[in-house]
Amino acid sequence: MDRPGWDAYFMSIAEVVSTRSTCLRRHVGAVIVKNKQIVSTGYNGAPKGVTHCSETGCLREQLNIPAGEKHEICRGSHAEINAIVQAASVGSSTEGAVMYCTHQPCAFCAKAIINAGIKKVIYKEGYPDILSGELMAEAGVRVERFSSEERD
């Protein structure tokens with residue numbers, strides 16, 4: 001039987017999670033895994049109870065702000081932070097976990113990943129944020145680009 005390896009399995013779940021995104025610019029999904037068990041998931045979009053960007057428009061788009069810059073003026077929360085918050089909201093530890101992301105985390109998310117005790121990040125698509133990689137390397141978080149070649 002030819003079945004996907006663990007990384008491919010969890011990355012495919014992150015891709016499905018990203019379909020819930022309400023961001024107008026990029027759909028991102030994240031899955032936190034410990035001992036081959038899903039701890040939580042997250043996608044990018046407006047916080048609970050806040051109007052979605054599809055209704056308000058995207059300020060970053062209106063101002064022609066390039067990817068990787070001025071995250072602070074976006075009304076949405078990133079998938080990685082939402083996955084960490086979801087785990088915290090139900091009392092699930094992320095210490096020593098692996099995070100699967102459809103996109104490489106930004107520096108804001110890297111800081112949350114480090115503080116959440118996540119030890120490894122596997123991402124599929126790159127993202128233009130040099131500081132993110134530097135922070136995670138300094139903190140000892142392993143960061144790997146996903147390879148679809150792995151099989152189980």
Side-chain angles (χ1 to χ4, degrees), residues 1-53 60 67-152:
M1 179 187 328
D2 186 32
R3 63 185 191 157
W6 288 110
D7 288 348
Y9 173 70
F10 291 122
M11 188 60 73
S12 70
I13 294 169
E15 290 170 343
V16 170
V17 170
S18 76
T19 66
R20 291 280 305 153
S21 171
T22 59
C23 179
L24 298 175
R25 294 180 89 175
R26 183 184 319 262
H27 290 200
V28 180
V31 177
I32 299 175
V33 175
K34 270 181 89 167
N35 303 316
K36 297 184 179 145
Q37 297 291 316
I38 295 172
V39 172
S40 68
T41 66
Y43 54 87
N44 60 329
K48 293 177 184 177
V50 175
T51 307
H52 294 296
C53 301
R60 293 180 73 232
E69 296 180 17
K70 298 196 180 219
H71 298 286
E72 67 276 6
I73 67 168
C74 176
R75 68 188 292 109
S77 293
H78 288 188
E80 301 90 332
I81 290 175
N82 284 336
I84 292 166
V85 169
Q86 178 63 30
S89 75
V90 297
S92 295
S93 172
T94 55
E95 187 68 38
V98 176
M99 180 180 277
Y100 292 85
C101 304
T102 57
H103 294 75
Q104 186 176 1
C106 72
F108 285 114
C109 292
K111 292 180 238 180
I113 288 165
I114 293 163
N115 284 342
I118 294 168
K119 295 300 178 197
K120 184 176 181 181
V121 174
I122 299 173
Y123 70 92
K124 191 168 185 182
E125 302 292 329
Y127 190 73
D129 192 329
I130 295 168
L131 180 58
S132 170
E134 291 173 355
L135 290 170
M136 288 198 277
E138 184 177 341
V141 177
R142 290 180 37 210
V143 179
E144 298 176 6
R145 189 155 197 164
F146 173 70
S147 171
S148 60
E149 302 299 315
E150 179 225 16
R151 300 307 268 178
D152 190 26

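Between H103 atom NE2 and E80 atom CD the span is 9.5 Å, to the nearest 0.5 Å. The CG atom of N35 sits 13.0 Å away from the CD1 atom of I38 when rounded to the nearest 0.5 Å. With rounding to the nearest 0.5 Å, the separation of NZ in K119 from CD1 in I114 is 9.5 Å. Separating the OG1 atom in T22 from the OH atom in Y43 is a distance of 7.0 Å, to the nearest 0.5 Å. A distance of 5.5 Å separates CD of E72 from CZ of F108, quoted to the nearest 0.5 Å. Taking CE from M136 and CG from L131, the interatomic distance works out to 10.0 Å, rounded to the nearest 0.5 Å.
What you find for P128 and A67 is that their closest heavy atoms are CG-O, 3.6 Å. In this structure, V31 and F10 approach most closely via the heavy-atom pair CG2-O, 4.1 Å. Closest approach of Y123 to V143, counting heavy atoms only: CE2-CG1, 3.6 Å. Between C53 and L24 the shortest heavy-atom distance is O-CD1, 3.4 Å. M11 approaches I122 most closely through the heavy-atom pair CE-O, 3.5 Å. Counting all heavy atoms, side chain and backbone alike, K120 lies closest to E144 at CE-OE2, 3.2 Å.
Between the side chain of T41 and the backbone N or O of V17 there is no donor-acceptor pair closer than 3.5 Å. Remark: side-chain polar atoms of K34 are paired, donor with acceptor, to backbone N or O of E95 under 3.5 angstrom.
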Q: Kindly determine whether R60 and I73 satisfy side chain to side chain contact (heavy atoms under 4.5 Å, CB included), including the steps that lead there.
A: CA-CA 7 Å; R60 293 180 73 232; I73 67 168; 3.7 Å; yes
Q: Mind running side chain to side chain contact (heavy atoms under 4.5 Å, CB included) on I84 and M99 for me, showing each step along the way?
A: CA-CA 10 Å; I84 292 166; M99 180 180 277; 4.0 Å; yes
Q | Candidate pair R20 and H27, rule side chain to side chain contact (heavy atoms under 4.5 Å, CB included), full reasoning | A | CA-CA 8 Å; R20 291 280 305 153; H27 290 200; over 6 Å; no
Q: Just do the side chain to side chain contact (heavy atoms under 4.5 Å, CB included) check on T102 and E125 with the steps written out, would you?
A: CA-CA 6 Å; T102 57; E125 302 292 329; 5.8 Å; no
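Between H71 and Y127, the ring-plane angle classifies as tilted under the 30° and 60° cut-offs.
The side chain to side chain donor-acceptor pair (under 3.5 Å) with N44 is formed by just one residue from the set S77, S21, S18; it is S21. For the side chain to side chain contact (heavy atoms under 4.5 Å, CB included) test with V121, the passing option among P105, S132, C109 is P105; the others fail.
The 12-atom threshold is exceeded at CZ of R25, counting heavy atoms of other residues, nucleotides or ligands nearer than 6.0 Å.
At least one side-chain heavy atom of T51 sits under 4.5 Å from a side-chain heavy atom of R75. Annotation: side chain of D129 is not in contact with side chain of Q104 (no heavy-atom distance under 4.5 Å).
A donor-acceptor contact closer than 3.5 angstrom links the side chains of Y100 and D7.
Under 4.0 Å is where a charged nitrogen must lie from a carboxylate oxygen, and between K124 and E15 at least one such pair does.
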